[in-house]
Protein chains: 2
Amino acid sequence: MATIRDVSKIAGVSVATVSRTLSKPDKVSAKTRKIVNAAILETNYKPDILARNFRTRKSSTIVVLVPDIANPFFSRVIRGIEQTAQSLDYAVLLGDTQGDRGRESTYANMVNTSQADGIIQLDSHNPFENNSNVPIVNVCDCIRGTDMPTIELDNAAAARKMTDYLISQGHKNIAIITGTLDSTITQDRLSGYKEALKNASIKFNPNNINVGDYSFLSGMSATRMLMKYQAPPTAIFCMNDEMAIGAIKQAKLMGLKIPDDISIAGFDNISFAEYCDPPLTTISQPAEEFGSKAMSMLYRVINQDGAIKKNTFLDFELIIRNSTGRNSHD
Amino acid sequence: MATIRDVSKIAGVSVATVSRTLSKPDKVSAKTRKIVNAAILETNYKPDILARNFRTRKSSTIVVLVPDIANPFFSRVIRGIEQTAQSLDYAVLLGDTQGDRGRESTYANMVNTSQADGIIQLDSHNPFENNSNVPIVNVCDCIRGTDMPTIELDNAAAARKMTDYLISQGHKNIAIITGTLDSTITQDRLSGYKEALKNASIKFNPNNINVGDYSFLSGMSATRMLMKYQAPPTAIFCMNDEMAIGAIKQAKLMGLKIPDDISIAGFDNISFAEYCDPPLTTISQPAEEFGSKAMSMLYRVINQDGAIKKNTFLDFELIIRNSTGRNSHD
DNA sequence: AATTAAAATGTAATTGATTACATTTTTAAG
DNA sequence: CTTAAAAATGTAATCAATTACATTTTAATT
């Protein structure tokens with residue numbers, strides 16, 4: 001593999017000139033530039049990025065910490081990250097943590113060893129105990145009370161909107177299947193749900209809260225439990241679409257008609273939401289935009305370029321499909 | 001940030017000894033090791049991986065070229081890659097190509113600039129025109145006639161098995177919705193399908209082949225077309241689950257009962273396959289194993305460690321669910 | 001105690017690009 | 001044609017680790 005020295009020898013110029021031809025061509029005369037470029041072509045020279053990164057102390061690489069890459073919502077966020085990273089000439093290192101804090105901190109430490117310039121965290125957890133000054137952006141599930149910039153949804157408002165809608169359809173006995181309780185998303189959505197009930201003067205029933213873990217199976221089992229109550233809910237709001245799809249399956253297994261016997265709503269609007277039967281009422285989140293906004297923000301943090309907005313909120317949309325309908329009970 | 005020199009000064013030993021304490025501790029006396037480790041702790045020294053990579057000419061990073069990270073099958077494969085990479089101390093750079101050859105080759109060239117040590121390609125395309133000697137492994141959708149090691153399914157056998165099964169259910173008029181025609185997977189599955197028909201002495205009807213692109217929508221539109229024939233198929237075999245789910249939706253829209261009026265089968269066994277209505281008959285592929293086998297293989301190629309098996313075939317399984325059933329026509 | 005082998009440690013070169021600073025060349029102005 | 005300023009180019013240090021090779025120390029054997 002040819003080095004910058006080989007090129008400089010062939011071109012008859014110094015290595016500095018070759019380097020400049022590549023990085024700041026306007027500092028090099030047109031004539032020299034031509035000669036150097038010819039030499040680069042001749043030697044098939046490709047700058048050694050490892051050497052460059054070493055010298056410049058930048059890796060042009062960022063790490064994405066994601067609880068599970070196979071989650072369809074996260075994979076869309078990552079697609080957004082990746083696309084923006086490409087346009088900014090950053091490479092994306094995948095850090096699938098599977099919720100393991102050890103793995104998370106291993107990946108996070110890549111920044112300390114200059115393997116990466118920054119971190120995008122998709123989980124509501126700070127990978128650094130003591131607030132370090134590592135460039136980091138928190139997306140989707142964001143922690144409260146840290147100084148990380150966040151890109152998030154107004155989850156309380158979204159949950160309120162969904163609950164309001166269900167109430168508007170005549171539902172009073174509305175259950176909710178939550179995500180894991182330690183996540184900010186869960187807490188916010190839960191408080192939005194409660195708020196909506198309160199505004200409608202519906203008494204909040206603690207039995208109507210069922211804790212899930214974002215999986216199909218937890219959606220199923222929660223639904224099984226809920227529907228065994230003497231007064232089962234007439235609507236179930238799930239904090240993601242997978243649980244809602246699980247809930248639909250369980251409801252059908254129990255011989256219930258959707259939405260006639262029970263309305264079921266999700267959250268995320270993953271691509272399958274449109275294709276399940278009945279199609280799922282849900283909250284649409286701009287997954288790719290989350291990713292691309294997070295990447296742009298991280299870029300600004302890393303390069304101290306432009307204003308850093310502490311908390312960015314993206315828009316959601318209530319998507320009404322056929323898994324929900326008017327309360328036909330009472 | 002402390003360097004190895006700071007540590008050596010504090011410990012009162014040479015940098016070589018510090019380096020050895022970290023990389024080959026058995027070459028260092030217990031006494032010295034203790035002193036050095038204390039100094040490392042004291043200085044909070046973290047080896048500069050950039051410098052190490054530069055010196056050793058290895059990045060301990062591999063690139064995954066994937067047509068679309070948001071595809072649920074691919075994201076599982078990547079999860080497998082990532083997990084094995086972690087255990088082998090490799091980092092995974094994400095190369096979402098969106099089918100763009102330009103992007104693909106940009107990523108592939110990261111190996112030439114020593115940003116990565118090898119490549120895992122999930123698409124049936126060689127990112128290097130002239131067979132270079134870059135470490136690369138081809139997974140899932142593998143090209144014929146190159147010297148890349150492959151990890152693949154016997155796609156022809158799998159399609160044959162599915163078709164055999166449909167035939168065993170009394171179906172004779174079996175349509176197939178393919179993936180993009182330039183992919184090896186499509187070609188192999190198509191030939192398996194034809195073979196099965198031939199073995200059963202069923203005349204192959206070219207109209208029963210409909211080209212899709214692995215998307216829900218193409219599954220829908222192909223189904224719409226197929227079902228307009230005077231003698232519409234009694235079974236549709238889709239080359240992935242998304243298209244099958246699209247086909248199910250379309251069939252329902254047309255008022256058809258599944259599987260009574262039409263049997264629909266998919267391929268991949270993505271997690272949603274179990275949760276659609278009716279649950280999807282499909283071929284299960286070991287997605288994570290694809291990933292982990294590919295990573296192990298790439299490791300061996302990079303480190304010239306152990307035998308390189310040219311083509312590795314993983315097992316598939318026919319999963320019979322309720323989207324297919326006996327032919328109730330004729 | 002002398003000799004030898006083995007183990008431990010140290011010295012200094014090396015990796016390939018970048019860049020501060022020095023030097024040369026070109027351009028413009030008088 | 002000078003001269004000064006600006007532009008272009010060159011020289012050589014630098015980044016932080018690894019490691020070949022040299023040297024010193026320790027252990028083992030006689």
Side-chain angles (χ1 to χ4, degrees), chain A residues 1-40 43-61 89 109-117 303, chain B residues 1-40 43-61 89 109-117 303:
Chain A
M1 190 54 83
T3 73
I4 198 169
R5 242 156 278 272
D6 300 326
V7 177
S8 83
K9 230 169 278 171
I10 292 198
V13 298
S14 73
V15 292
T17 300
V18 178
S19 177
R20 275 188 290 253
T21 308
L22 254 24
S23 55
K24 11 183 123 80
D26 51 312
K27 296 274 170 205
V28 178
S29 74
K31 198 174 53 175
T32 315
R33 219 156 46 206
K34 215 166 181 176
I35 297 171
V36 172
N37 284 326
I40 287 175
T43 53
N44 188 30
Y45 167 69
K46 302 251 186 309
D48 185 310
I49 307 294
L50 237 42
R52 171 184 296 167
N53 289 351
F54 167 57
R55 178 58 228 248
T56 58
R57 312 267 70 214
K58 302 184 53 186
S59 59
S60 292
T61 298
D89 272 322
N109 272 318
M110 295 180 107
V111 178
N112 291 326
T113 57
S114 27
Q115 275 179 105
D117 298 342
N303 301 289
Chain B
M1 189 55 86
T3 73
I4 198 169
R5 238 156 281 270
D6 300 325
V7 176
S8 83
K9 230 170 277 169
I10 292 198
V13 298
S14 72
V15 291
T17 300
V18 178
S19 178
R20 275 188 291 254
T21 307
L22 255 23
S23 56
K24 8 184 127 81
D26 50 313
K27 295 275 169 205
V28 178
S29 76
K31 198 173 55 173
T32 315
R33 217 157 45 207
K34 216 166 179 175
I35 298 171
V36 171
N37 283 326
I40 288 175
T43 53
N44 189 29
Y45 167 68
K46 301 253 188 308
D48 185 311
I49 307 293
L50 237 42
R52 172 184 296 167
N53 289 350
F54 168 55
R55 177 57 229 252
T56 59
R57 312 267 72 215
K58 302 183 54 186
S59 60
S60 293
T61 298
D89 272 322
N109 272 318
M110 294 180 107
V111 178
N112 292 324
T113 57
S114 25
Q115 273 181 107
D117 299 340
N303 300 288

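Values below: every heavy atom of this structure, side chains too, minus hydrogens, waters and symmetry copies. In the text below, chain A, chain B and the rest are named by the order of the sequence lines, each starting its count at 1.
- Atom CG of A/Asp48 and atom P of C/dG16 are 7 Å apart (whole Å).
- Nearest heavy atoms, B/Leu50 versus B/Asp48: N-OD1, 2.8 Å.
- In terms of polar N and O atoms assigned as donor or acceptor, the side chain of B/Arg52 never comes within less than 3.5 Å of the base of D/dA16 in a complementary pairing.
- Phosphate contact (OP1/OP2 of C/dT18, side-chain N/O of A/Ser19, threshold under 4.0 Å): present.
- Note: CG (B/Asp6) to P (D/dC15) measures 11 Å, nearest angstrom.
- For B/Arg33 (side chain) and B/Val28 (main-chain N/O), a donor-acceptor pair under 3.5 Å exists by modelled atom type.
- A/Val7 pairs with exactly one of A/Thr17, A/Val15, A/Val13, A/Val18 by the side chain to side chain contact (heavy atoms under 4.5 Å, CB included) rule, that one being A/Val18.
- Atom NZ in A/Lys58 sits about 10 Å away from atom P in C/dT19, given to the nearest Å.
- At the heavy-atom level, B/Val15 lies under 4.0 Å from base atoms of the strands shown.
- The CZ atom of B/Arg57 sits 13 Å away from the P atom of D/dT19 (whole-angstrom rounding).
- Judged by closest nucleotide on DNA chain C, A/Ser23 is the one of A/Lys31 and A/Ser23 placed further toward the 5' end.
- Rounded to whole angstrom, the span from the CD1 atom of A/Ile49 across to the P atom of D/dC15 amounts to 21 Å.
- Among the heavy atoms of the strands lying under 4.0 Å from A/Arg55 is at least one base atom, whether or not backbone atoms are also near.
- As judged by a 4.0 angstrom heavy-atom cut-off over every strand, A/Thr17 is placed among residues touching the sugar-phosphate backbone only.
- The side chain of B/Thr3 places no N or O atom within less than 4.0 Å of a non-bridging phosphate oxygen (OP1 or OP2) of D/dA16.
- Donor-acceptor pairing under 3.5 Å, judged by distance alone, is present between the side chain of B/Arg20 and the base of C/dG10.
- B/Thr56 comes within 4.0 angstrom of the backbone, heavy atoms only, and of no base.
- For the pair A/Asp26 CG and D/dA8 C1', the interatomic distance rounds to 12 Å; values are reported in whole Å.
- Checked by atom type and distance alone, the side chain of B/Asn37 never pairs as donor or acceptor with a backbone atom of B/Lys34 at under 3.5 Å.
- Mapped onto DNA chain D by nearest heavy atom, B/Ala51 and B/Ala16 fall at different nucleotides, with B/Ala51 at the one closer to the 5' end.
- A stacked arrangement is assigned to B/Phe54 and the six-membered base ring of C/dT15, with a centre-to-centre distance below 5.5 Å and an interplanar angle below 30°.
- A/Ser23 approaches A/Pro25 most closely through the heavy-atom pair C-CD, 3.5 Å.
- Phosphate proximity of D/dA16 to B/Tyr45: absent, as no side-chain N or O sits under 4.0 Å from OP1 or OP2.
- Rounded to whole Å, the distance from CG on A/Asn53 to C1' on D/dA16 is 14 Å.
- A straight line from NZ of B/Lys27 to C1' of D/dT25 spans 16 Å, rounded to a whole angstrom.
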